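Beneath this line is the structure, given in structure tokens, with notes to follow.
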Amino acid sequence: MAEPKTNDRMDKIVSLCKRRGFIFQSSEIYGGINGFWDYGPLGAELKRNVKDYWWRAMTREREDIAGLDATIVMHPRIWEASGHTSTFSDPMVDCKTCQGRFRADQLAESQCPRKPSKKPGDHAECQLTEARKFNLMFKTYVGPVEDAENTAYLRPETAQAIFAQFKTVLEVSRQKVPFGIAQIGKAFRNEINPRNFTFRSREFEQMELEFFIRPDEAIEAICGRVATAAELADRQPATADLPPSPTWGWEAWHKYWVEARLRFYEAIGLPRATLEEYWQKPEELAHYAKACVDILFRFPFGAQELEGIAARGDFDLSQHQRFSGKSLTVFDDELKAAWAKLDQAKRAELSGRYFEARRRYLVQMGEPVERAEPQARKDADNFAQGSYVPHVIEPSAGVDRLVLALICNAYSEDQAPDEKGKMETRVVLRFHPRIAPIKVAVLPLLKNRPELVAKAREIHALLRPHMTVFYDEAGAIGRRYRRQDEAGTPFGVTVDFETLGEKGPELQGTVTLRERDSMKQERVKIEELLPRLAERIR
RNA sequence: GCGAGCGUAGCUCAGUCUGGUAGAGCGCCACCUUGCCAAGGUGGCUGUCGUGGGUUCGAAUCCCAUCGCUCGCUCCA
């Protein structure tokens with residue numbers, strides 16, 4: 001198998017990351033700390049470029065998404081509402097004989113691996129440990145006193161802050177459903193076992209969008225119909241260019257976001273061939289999810305998830321509404337107006353469907369039927385008046401995973417000639433110029449010629465306000481090119497004696513522009529550098 | 001957290017079995033040379049041998065503990 005080869009590749013990448021200053025272990029001088037990673041000079045630039053482009057694509061270039069930057073520590077009740085307090089703390093038992101691990105609350109339904117007819121612990125050879133709590137949330141205390149009253153958590157995901165601030169953002173941004181709230185920020189999970197370099201870390205960064213939409217019943221009331229996902233399928237691959245239509249229900253919006261997110265990855269240099277789309281099967285979905293698509297990248301250690309795009313219904317806002325006691329509904333005057341024009345049968349049908357959905361949710365969350373029914377009835381009545389809890393599509397991406405994917409994807413070895421024309425292996429990171437940590441290197445051909453150095457410094461100063469520029473005069477020109485290849489710098493500008501006009505006036509004021517991937521060189525006027533480069537890195 | 005493997009210079013690794021007080025290549029820095037793809041010359045820096053403890057006259061080497069990394073169970077942004 002090619003196994004050793006892929007591990008080999010990952011090892012080389014990890015080694016390059018450390019050597020060139022992309023990523024290294026946190027707290028290294030103290031022996032490191034498991035699951036935490038620092039980004040060095042190049043890594044910090046790369047990561048920032050990724051986040052900036054996401055932010056730009058999600059908020060600045062759209063009219064229907066607003067930004068948010070919320071705190072990491074929030075009211076602990078948030079995590080009760082979201083379900084993290086319970087689902088993130090399963091008591092587990094291990095068996096010392098068979099090395100199995102079982103959820104303590106599911107022992108009765110589990111099988112002993114040695115003796116499948118019995119459950120763990122009942123077989124004579126079983127040696128179960130005490131049940132241990134696995135709380136995957138980082139706990140802390142708000143204020144100096146450490147007691148249960150003051151317990152709080154570092155957020156295990158950024159999304160919940162968006163739901164908690166949903167109403168406020170909606171108001172201040174003067175948005176209307178459908179609209180989204182985007183956020184980038186740190187999240188923390190006490191992973192049982194961090195793995196695969198930065199892929200599973202305990203402190204990581206997320207880029208999350210919650211896109212709020214009308215419930216399908218509202219769309220049907222307003223438009224008379226709901227666009228099916230199949231309608232969008234016919235219009236592929238133009239989906240993401242489609243102006244969203246009022247007829248889009250959750251399926252269409254979900255599909256739209258899958259396509260939009262895939263395009264995002266393409267725009268930063270991850271071709272579709274390196275990605276996989278995985279549509280979760282109904283039995284794999286969380287109980288509240290209507291659909292979930294994972295976007296996976298083919299890492300050297302296997303295809304692994306970069307992003308999940310979930311259609312979560314109105315679960316999250318409903319939970320926060322119940323737990324906070326504050327209304328998280330929106331008023332939709334189009335729905336109210338449309339409702340007035342519906343005939344009795346249609347009203348009954350839509351209202352009935354809405355009622356049923358609300359009732360099912362409340363019962364599923366443990367509300368007794370005698371409370372759930374009247375509440376669902378009230379929700380359905382409000383719906384008929386134009387009020388509802390919006391549904392949501394959640395594209396949620398891991399920044400660190402994406403940075404790692406970009407590095408893995410960019411890493412390549414090719415053959416380049418050395419000075420004597422002998423072919424040698426060249427390590428090059430083929431980053432898309434848009435996210436490359438350094439955009440251009442400015443190099444005087446020789447460093448012991450003050451005129452060359454002065455001119456190169458001048459060009460450095462010219463470009464620096466507009467992009468990350470690296471000036472390097474140390475060593476032979478070939479070596480400097482190779483150094484930049486390893487850093488993934490897409491362009492190199494070399495100042496030589498022609499630049500100074502020593503080979504005639506027609507070449508005066510021109511420089512060599514070297515392209516990283518092709519190693520092609522081109523003569524370019526200094527005045528043209530900025531517009532040409534700016535266009536390529538935008 | 002459990003099981004297995006690993007940890008020596010910035011990187012890749014030798015030395016560990018058979019204790020005798022640490023090496024190679026690459027890189028890095030300075031100077032000289034240098035006209036476009038890892039050039040040449042000269043000189044230079046680098047290690048608490050992951051950490052702590054133990055055995056020993058003496059530990060990178062043997063023992064114990066611990067931390068970190070990799071793989072499997074687990075998990076999924």
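Note that this is a predicted model, so its numbers are computed, not measured. Below, chain A is the first sequence line, B the second, and so on; all start at residue 1.
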Which nucleotide in the set [options] lies at the smallest distance from any side-chain heavy atom of [X]?
X: Trp37(A); options: rG35(B), rA77(B), rC69(B); answer: rC69(B)
X: Val427(A); options: rA77(B), rA38(B), rC69(B); answer: rA38(B)
X: Lys503(A); options: rC11(B), rG35(B), rC36(B); answer: rG35(B)
X: Thr512(A); options: rC76(B), rC71(B), rC36(B); answer: rC36(B)
X: Asn196(A); options: rC71(B), rA38(B), rA77(B); answer: rC71(B)
X: Gln25(A); options: rC69(B), rG35(B), rC37(B); answer: rC69(B)
X: Arg401(A); options: rC31(B), rG35(B), rA77(B); answer: rA77(B)

[N] phosphate, OP1 or OP2: any side-chain N/O from [X] under 4.0 angstrom?
X: Asn34(A); N: rC67(B); answer: no
X: Arg479(A); N: rA39(B); answer: yes
X: Lys18(A); N: rC11(B); answer: yes
X: Arg483(A); N: rC28(B); answer: yes
X: Arg19(A); N: rA9(B); answer: no
X: Lys12(A); N: rC11(B); answer: no

Any side-chain heavy atom of [X] within less than 4.5 Å of one from [Y]?
X: Trp37(A); Y: Glu203(A); value: no
X: Val469(A); Y: Ile438(A); value: no
X: Met74(A); Y: Arg155(A); value: yes

query = How far does the C1' atom of rU48(B) sit from the matching atom of rA22(B), given to the nearest Å?
reply =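 These two C1' atoms come out 14 Å apart once rounded.
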
key: Comparing Asn448(A) and Ser396(A) on RNA chain B - which has the more 5′ nearest nucleotide   =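 Closest to the 5' end, via its nearest nucleotide, is Asn448(A).
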
request  = With RNA chain B as reference, determine whether Glu305(A) or Ile477(A) sits nearer its 5' end, using the nearest nucleotide of each.
outcome  =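 So the residue in question is Ile477(A).
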
Grab the [atom1]-[atom2] distance between [X] and [N] for me, whole Å please.
X: Phe301(A); N: rC69(B); atom1: CZ; atom2: C1'; result: 15 Å
X: Arg202(A); N: rU74(B); atom1: CZ; atom2: P; result: 18 Å
X: Leu136(A); N: rA77(B); atom1: CG; atom2: C1'; result: 14 Å
X: Arg480(A); N: rC29(B); atom1: CZ; atom2: P; result: 12 Å
X: Leu513(A); N: rC37(B); atom1: CG; atom2: C1'; result: 15 Å
X: Met519(A); N: rA38(B); atom1: CE; atom2: C1'; result: 12 Å
X: Glu473(A); N: rC36(B); atom1: CD; atom2: C1'; result: 17 Å
X: Leu443(A); N: rG35(B); atom1: CG; atom2: C1'; result: 14 Å

Complement of [N], any strand, by Watson-Crick or G-U distances under 3.5 angstrom:
N: rU66(B); result: rG50(B)
N: rG20(B); result: rC57(B)
N: rG43(B); result: rC29(B)
N: rC2(B); result: rG72(B)

Is there, by distance only and without an angle test, a donor paired with an acceptor across the side chain of [X] and the base of [N] below 3.5 Å?
X: Arg514(A); N: rC37(B); result: yes
X: Glu498(A); N: rG35(B); result: yes
X: Ser15(A); N: rC11(B); result: no

Report which part of the nucleic acid [X] touches: base, sugar-phosphate, or nothing (heavy-atom distance under 4.0 Å, all strands).
X: Gly185(A); value: nothing
X: Leu446(A); value: base
X: Ala397(A); value: sugar-phosphate
X: Glu208(A); value: nothing
X: Phe24(A); value: nothing
X: Glu307(A); value: sugar-phosphate
X: Leu402(A); value: nothing
X: Gln484(A); value: nothing
X: Ser201(A); value: base
X: Leu16(A); value: nothing

How about [X] and [Y]: are their ring centres within less than 6.0 Å of each other?
X: Phe197(A); Y: Phe199(A); result: no
X: His320(A); Y: Phe166(A); result: no
X: Phe179(A); Y: Phe212(A); result: yes
X: Tyr39(A); Y: Phe24(A); result: no

ask   = Among Arg483(A), Gln484(A), Lys439(A), which one satisfies side chain to side chain donor-acceptor pair (under 3.5 Å) with Thr489(A)?
value =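 Answer to the side chain to side chain donor-acceptor pair (under 3.5 Å) test with Thr489(A) among Arg483(A), Gln484(A), Lys439(A): Gln484(A).
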
